[in-house]
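Here you go, one structure.
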Amino acid sequence: MLRRGRLVALPTETVYGLAARALDPSSVARIFAAKGRPTHHPLIVHVLDEDGARALAASWPARASALAQAFWPGPLTLVVERAPRLDAAVAGGGDSIALRAPSHAVARAVIEALGEPVAAPSANRYQGLSPTTAAHVVKELGAAADLVLDAGPCHAGIESTVVDVRGATARVLRPGAISSAALRAVVPELDAGAAAVASSAPRASPGMGLRHYAPRAQLHLAASVEAARSQSAELAAGGTRVGLVVREASKQTTGGSIVVRVLPADAEGYARALYGALHELDDAGVGAIVVHEAPAEEAWWAVADRLRRASQRE
Ligand code: TXA
Ligand code: MG
């Protein structure tokens, strides 16, 4: 199907992706159309290994090699100069390109069988919640995906970490499944993007508006469990069906029209479960979701980033 220019949703270790032939402009155009994604928003191209990535890069800094050797195959995306053989449309019209070698056996088998790189954004509509199961993909994209490969839930459950390796220091553009601490062990002079995480400024990645990763229900962030509880009670009292998301070990709230989801207390476990919980709450038809915000620790930055973006209004 990929050879015929079709779109195939496939599992990766982070989230499900919507794949098409990266070297074929009309396949790439179909991805943007299926997602309703603005054409200036660049795609990640998936390859098998560092050699595959180098073939798509106009230059490959030593830092890219060091990071690829440490984290590939795996949930790290490297932004480098785009090779001319890659159409600018894949890159949202820019002269850089985001590349990653996924570790998921199914994603790898597809790239290997095709014998070409695939462009694959998360398999959701523009600004929507990323899918961590095949059922999420079907719900979000319906017939817009020509084929969905189901390999069960994704392991990381949150997107890859995007690192720009073109400048004098490596810079995190999107915090993700690989922590800044792990990256720093390989590239000590890392700009972890703290400013972007702490503020509500749009991310450095091109085409990345502030609202993103959002469920259909309005998401509210609360600074403490107590605040989350009282905010959900208030919304529920006003007649809204409410979802409440807290971390394990916080005392249980039950009852009424509040649907509670308790997520793991560790950052990795929480990331794995978060999108699934938000999908479930959307499916349950809640009108609002109140989430106890992530701890202000670096290990939680990827989760904090997604929650903050999900809470933005249009
Ligand atoms: O885990 C993942 O990365 C998943 C799976 C399917 O691989 N893919 C994914 O793709 O999340 P997408 O398109 O939903 O998000 C791509 C991210 C965006 O934040 C985008 O701005 C950034 O990567 N990005 C892509 N190309 C870029 C470029 N040339 N320069 C800077 N940022 C780029
Ligand atoms: Mg996405």
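Remember, it's 1-based here, ligands and their atoms both numbered in the order they're listed.
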Atoms of ligand 1, numbered as shown, that sit under 4.0 Å from any heavy atom of Ala98: 25 (C), 26 (N), 27 (C), 29 (N)
Shortest reach to atom 14 (O) of ligand 1 by a heavy atom, considering only Gly94, Cys154, Ala156, Ser122: Ser122
Among Pro131, Pro42, Pro11, closest by any non-hydrogen atom to atom 27 (C) of ligand 1: Pro42
Check ion pair Arg100-Glu13 (N to O, under 4.0 angstrom): yes
The Mg ion (ligand 2) to nearest N/O/S of Asn124 below 2.8 Å: no
Backbone of Thr14 reached by a side-chain donor or acceptor of Thr12 within 3.5 Å: yes
For Arg37, atoms of ligand 1 separated by under 4.0 Å from a heavy atom: 12 (P), 13 (O), 14 (O)
Close-contact set for ligand 1 against Thr14 heavy atoms, below 4.0 Å: 1 (O), 2 (C), 4 (C), 5 (C)
Step-by-step salt bridge (charged side-chain N to carboxylate O under 4.0 Å, His left out) determination, Glu116 to Arg21: CA-CA 7 Å; Glu116 277 179 35; Arg21 288 176 61 201; 2.9 Å; yes
Donor on one side chain, acceptor on other, Ser179 and Glu298, under 3.5 Å: no
Best match, Pro75, Pro102, Ser96: closest heavy atom to atom 30 (N) of ligand 1: Ser96
Ring geometry between His136 and His279 (parallel below 30°, tilted from 30 to 60°, perpendicular above 60°): parallel
Numbered atoms and elements of ligand 1 in range of Ser160, under 4.0 angstrom, heavy atoms: 1 (O), 2 (C), 3 (O)
Residue pair Arg309 / Arg211, side-chain heavy-atom distance below 4.5 Å: no
Ligand 1 atoms in contact with Leu173 (distance to a heavy atom under 4.0 Å): 31 (C), 32 (N)
Distance-only side-chain donor-acceptor flag, Trp60 / Glu50, under 3.5 Å: yes
Per-atom contacts, ligand 1 versus Leu43 - under 4.0 Å to a heavy atom: 26 (N)
Contact with ligand 1 for Arg82, non-hydrogen, under 4.0 angstrom: no
Check: Thr12 N/O within less than 3.5 Å of ligand 1 N/O: no
Those atoms of ligand 1 less than 4.0 Å from some heavy atom in Ile44: 3 (O), 8 (N), 9 (C), 10 (O), 16 (C), 23 (O)
Test: Arg247 cationic atom under 6.0 Å from Trp300 six-membered ring centre, within 45° of axis: yes
Over 12 non-hydrogen atoms of neighbours within 6.0 angstrom of CD in Glu268: no
